[in-house]
A.B. asks: 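Right, I'll just put the structure down here and ask away after.
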Amino acid sequence: MDRYEPQQIEPKWQQVWEDARAFYVANPEDPAQTPRERKFYMLEMLPYPSGPLHMGHVLNYTLGDVITHYRRRNGYTVLRPMGFDSFGLPAENAAIREGGHPREITEQRIATIRTQMRRLGWAIDWDREVSAHEPTYYRWTQWLFLKFYEAGLAYRKEAPVNWCPNDQTVLANEQVIDGRCERCGAQVEARNLEQWFFRITAYSDALLDDHATIDWPERTIAIQRNWIGRSEGAEVVFRVEALDLDLPVFTTRPDTLFGATFMVLAPEHPLAARLAAGTEQEPEVREYLRRAAVRSTEERETKEKDGVFSGRYALNPASGEEIPIWIADYVLMEYGTGAIMAVPAHDERDFAFAKRYGLPVARVVEPLEGEAEEEGAFSAHTANERLVNSGEFSGLPAPEGARRIVEWLGERGRGRPAVSYRLRDWGFSRQRYWGCPIPIVYCGRCGIVPVPEEELPVLLPEVDDYRPKGIPPLASNEAWLRVSCPSCGGEGRREAETMDTFVDSSWYFLRYCDPHNDRAPFERAIVDYWLPVDQYVGGIDHATGHLLYSRFFVKVLNDLGLVGFREPFARVFHQGWVRLGGSKMSKSRGNVTSPDELARMYGADAVRLYILFMGPADQDMEWTEEGVEGIARFLRRLWRVVNAVAEDAAPPGSEDSEPTPLLRKAHETIVKVGDDIGRRFVFNTPIAAVMELVNELSPATDDPAARFATETVVSLIQPYAPHIAEELWQRLGRERLWEQAWPAADQALLELDTFELVIQVNGKVRDRVEVPATLQEAELIERAKASPRVQALLDGKQVRQAIVVPRRLVNLVV
RNA sequence: GCCGGGGUGGCGAAACUGGAGAUACGCGCCUGACUUAAAAUCAGGUGUCCCCAUCGGGGGCGUAAGGGUUCGAGUCCCUUCCCCGGCACCA
């Protein structure tokens with residue numbers, strides 16, 4: 001028998017699969033008429049090509065691979081594509097670090113990753129590969145942008161952005177770490193700049209409601225729910241008589257309206273300066289606004305609350321009292337209306353502020369029973385509380401009081417029920433070079449003019465100096481910038497900003513379905529056939545980013561009639577982090593382990609098995625190579641045992657054999673592995689189950705069932721270790737394991753005639769006896785009592801109760 | 001502070017709806033076989049305390065800590081402690 005040499009057999013089988021186009025899948029001829037029951041869209045989050053793959057990726061894609069093989073062999077047509085999220089900061093930063101053009105660096109990296117992926121033997125349909133930076137792809141990203149723009153869902157407005165004063169550039173949120181620039185460490189400032197936004201807030205409720213239609217991890221849905229942050233409450237209008245102004249506020253606690261003893265405006269509130277104008281507070285307010293404007297976000301959040309009196313008063317619409325209006329930066333312009341009614345008796349922040357500036361505190365809610373709490377303890381708006389000091393509403397339970405007060409306000413035109421969200425529109429323009437150009441022209445006469453569809457793509461020009469410098473690098477490229485206005489033909493200038501890379505990845509799973517289409521981003525019938533993705537696998541770090549954006553995109557495309565579904569991913573699974581030195585393995589942290597060396601030493605099959613054997617796939621794991629020896633041993637043993645059987649045991653066709661324990665074990669393993677992968681979505685225990693079966697097999701090749709058990713082992717391990725499985729399958733005289741039906745267990749064999757009855761006395765095991773499976777409860781109890789060891793223990797005592805668990809145990813209580 | 005996830009042998013971890021023997025499978029370690037030797041391979045052992053004993057056999061205690069429900073709890077409930085991740089002035 002020859003030795004197990006993965007370096008020989010692995011490339012050999014990879015070539016066989018490639019030649020047979022084993023994992024390529026064609027679209028149905030007539031997708032609209034093709035039944036969808038046996039289709040399966042398997043997708044894993046596509047990699048950023050900012051460096052070679054590390055063990056985190058290996059876990060991600062090996063998981064996808066096991067599911068792919070399992071589904072294929074269960075009769076599904078599996079679409080399993082791959083691509084590269086090749087635009088954006090990770091790739092550009094790599095280029096800046098290493099010198100060279102982002103395109104060259106990116107394309108080198110893609111080539112490297114592709115080689116790694118092939119080396120690991122993943123079953124990928126490479127005909128469908130796409131990369132975000134290719135004009136054939138981003139042409140359609142631009143096309144989709146235009147559709148959003150036409151629908152009023154992409155727009156420009158001035159908004160605060162993260163500004164690094166040192167690098168003179170706007171930073172993406174993900175480049176800001178603890179309020180500091182990721183690269184230089186400078187404190188990031190907020191700056192108002194004109195930016196492009198997607199109106200994702202128009203879909204807040206749809207994004208929340210449709211959670212009910214998808215099978216995602218509870219925690220991911222919880223994260224999205226918190227992020228969208230829907231709060232129900234009311235808008236209440238406060239009157240400023242002196243200036244003939246109305247100041248609306250949002251509150252979740254209209255029941256506490258009588259306790260609103262002052263108001264607070266955010267310093268950025270457009271009326272802040274106007275309120276103070278002409279009062280003796282004016283200079284002080286001006287000074288406060290000036291100071292607040294240069295405060296860092298970090299300082300704003302951590303300092304003690306401060307503020308300044310505006311010099312004006314507003315009318316509390318409920319109590320009719322004049323209350324002072326203050327300006328303070330603990331109120332945020334981005335949420336609600338940028339102004340609040342302050343109820344110090346029932347809100348911690350208002351309370352702290354009132355204490356500091358000696359403002360009045362009026363308690364208006366108290367518990368139904370028990371003592372009123374001390375000052376500074378805050379109610380929770382429950383039915384166990386009632387309103388006090390609230391005029392005609394006093395005495396009402398808090399929730400009802402809230403409803404009645406809002407009703408009362410409505411009748412007087414001073415308020416209405418309102419909903420507020422913490423979700424904000426998605427700012428997607430970047431002052432960077434390496435991204436998808438935004439197909440817009442600015443014209444002195446026509447304003448913002450979209451580039452006509454037929455002129456797409458707006459190509460990203462090749463430039464030498466692509467470094468960020470405060471203004472977009474493309475803005476200094478005069479030759480590219482100047483263009484005639486598509487509308488009037490006059491002088492125009494191109495949009496020099498590029499798109500956030502999350503735009504590229506919000507629709508890539510659609511392009512995979514129809515990747516070579518040059519008339520449209522995709523044909524609707526084709527995406528309607530494949531989508532939604534049946535199983536998506538990727539990191540939970542994308543819960544509020546990519547996973548939310550993609551849902552938004554699909555909803556918009558559905559509303560535009562471009563797709564026939566409203567959710568992109570029917571089911572999501574998050575693999576755990578592979579950690580090294582305690583923190584998540586990632587290129588930006590620099591703590592990565594490449595699979596290459598391990599694959600050289602032990603082979604791809606060993607790497608694949610090991611990463612999944614380390615622990616439950618959805619749990620974080622600390623990377624270590626201790627233990628990989630065990631997998632290598634297992635593979636060598638498998639090799640030896642199967643080869644021995646191939647040479648000695650009965651040839652194919654003689655599988656019918658006595659129901660020996662080995663045969664039964666083989667069938668049990670079939671059940672276990674299928675149930676773990678298919679139903680439980682557990683990937684480490686199937687490996688253990690196959691190891692057990694191999695352990696049974698090794699000394700027992702003379703068992704008549706050895707051949708069946710051996711074939712079962714090879715067949716079951718194939719999704720994990722496809723190369724060795726294919727080789728051994730061939731040596732067993734069979735072929736093309738990758739397309740063999742998944743083995744089915746013989747139910748008749750699994751049902752035994754007898755079982756071992758466990759006999760407990762007072763919950764402690766005292767004996768076990770072999771009994772026929774057909775015995776009824778009463779007979780089982782008789783058998784239990786008949787046991788000599790139980791007799792000794794019972795010793796004439798009265799059996800008070802007997803619990804019978806069918807096919808398991810009898811517990812006698814004395 | 002809030003929201004998630006977790007705590008089981010020397011280590012990674014099993015135990016799937018409360019139902020035997022907790023710790024499968026693997027790593028490590030110990031003993032032995034083969035070998036001049038090593039590697040590889042194979043066999044056996046490996047929670048803890050105690051008792052009887054010649055091979056061997058029997059028993060108590062053990063799943064972060066404490067309490068509870070139950071005939072029966074790693075699994076359910078309550079309290080506490082510890083670790084990891086995310087969010088954080090959202091009115």
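Throughout, protein chains are lettered first and strands after them, A, B, ... in sequence-line order, and every chain is numbered starting at 1.
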A.B. asks: Among rC84(B), rA14(B), rA91(B), find the nucleotide with the atom closest to the side chain of Pro616(A).
C.D. replies: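 Closest nucleotide to the Pro616(A) side chain: rA14(B).
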A.B. asks: Taking atom types as modelled, find out whether Tyr421(A) and Arg230(A) have a side-chain donor-acceptor pair closer than 3.5 angstrom.
C.D. replies: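 Tyr421(A) vs Arg230(A): donor-acceptor pair found between side chains.
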A.B. asks: Tyr610(A) and Asp605(A): side-chain donor and acceptor closer than 3.5 Å?
C.D. replies: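 No, because no side-chain N or O of Tyr610(A) sits under 3.5 Å from a partner of the opposite role on Asp605(A).
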A.B. asks: Return no unless some side-chain N or O of Arg637(A) is found under 4.0 Å from OP1 or OP2 of rA40(B).
C.D. replies: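 For rA40(B), neither OP1 nor OP2 has a side-chain N or O of Arg637(A) closer than 4.0 Å.
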A.B. asks: Just compare rC16(B), rC25(B), rC84(B) and give me whichever is closest to any side-chain atom of Glu692(A).
C.D. replies: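 Looking only at side-chain atoms, Glu692(A) lies closest to rC25(B).
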A.B. asks: Testing the 3.5 Å rule here: is there a donor-acceptor pair between the side chains of Arg422(A) and Asn226(A)?
C.D. replies: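 No pair is found: no donor N or O on one side chain lies under 3.5 Å from an acceptor on the other.
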A.B. asks: At less than 4.0 Å, is any side-chain N or O atom of Asn695(A) found next to OP1 or OP2 of rG26(B)? Yes or no.
C.D. replies: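 Checking rG26(B) against Asn695(A), a side-chain N or O does come within under 4.0 Å of OP1 or OP2.
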A.B. asks: Heavy atoms within less than 4.0 Å of RNA chain B: which residues of residues 214-226 of chain A have one? Give them sorted by number.
C.D. replies: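 Hits under 4.0 Å, by residue number: Arg219(A).
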A.B. asks: For every nucleotide of nucleotides 30-35 of chain B, 5' to 3': is a protein heavy atom under 4.0 Å from its base (B), only from its sugar-phosphate (S), or from neither (-)?
C.D. replies: ------
A.B. asks: Cation-pi check, Lys305(A) to Phe353(A): give yes when NZ or CZ is under 6.0 Å from the six-membered ring centre and within 45° of the ring axis, no otherwise.
C.D. replies: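 The answer is no; the distance or angle limit is not met.
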A.B. asks: Base, sugar-phosphate alone, or nothing: which one does Val690(A) contact when heavy atoms must sit under 4.0 Å apart?
C.D. replies: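 It contacts nothing in the nucleic acid.
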A.B. asks: Determine, for Asp306(A) against Lys303(A), whether the closest basic-nitrogen to carboxylate-oxygen distance falls under 4.0 angstrom.
C.D. replies: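 A salt bridge links Asp306(A) with Lys303(A).
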A.B. asks: Examine rC87(B): is either OP1 or OP2 under 4.0 Å from a nitrogen or oxygen in the side chain of Arg422(A)? Give yes or no.
C.D. replies: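 Negative; the distance criterion is not met.
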A.B. asks: Once the angle between the rings of Trp639(A) and Tyr4(A) is folded into 0 to 90°, is it parallel (under 30°), tilted (30 to 60°) or perpendicular (over 60°)?
C.D. replies: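 Plane angle between 30° and 60°, so tilted.
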A.B. asks: If you measure from the Lys or Arg side-chain nitrogens to the Asp or Glu carboxylate oxygens, is any gap between Arg225(A) and Glu218(A) under 4.0 Å?
C.D. replies: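 Counted as a salt bridge, because a side-chain N and a carboxylate O are separated by less than 4.0 Å.
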A.B. asks: Arg636(A) side chain N/O closer than 4.0 Å to the phosphate oxygens (OP1, OP2) of rU41(B)?
C.D. replies: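 Checking Arg636(A) against rU41(B): at least one side-chain N or O falls below 4.0 Å of OP1 or OP2.
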A.B. asks: Between Ser231(A) and rA91(B), is there a contact of a side-chain N or O with OP1 or OP2 at under 4.0 Å?
C.D. replies: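 For Ser231(A), the contact criterion (side-chain N or O under 4.0 Å from OP1 or OP2 of rA91(B)) is met.
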A.B. asks: Any cation-pi pair here, Arg571(A) with Phe681(A), using under 6.0 Å and within 45°?
C.D. replies: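 Cation-pi check for Arg571(A) and Phe681(A): passes.
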A.B. asks: If only side-chain N and O atoms of Asn684(A) are considered, is one of them under 4.0 Å from the OP1 or OP2 phosphate oxygen of rA13(B)?
C.D. replies: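 Checking rA13(B) against Asn684(A), no side-chain N or O comes under 4.0 Å of OP1 or OP2.
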A.B. asks: Considering every strand shown, what is the Watson-Crick or G-U wobble mate of rC87(B) when both distances are under 3.5 Å?
C.D. replies: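 Checking every strand shown, rC87(B) finds its partner in rG1(B), with both distances under 3.5 Å.
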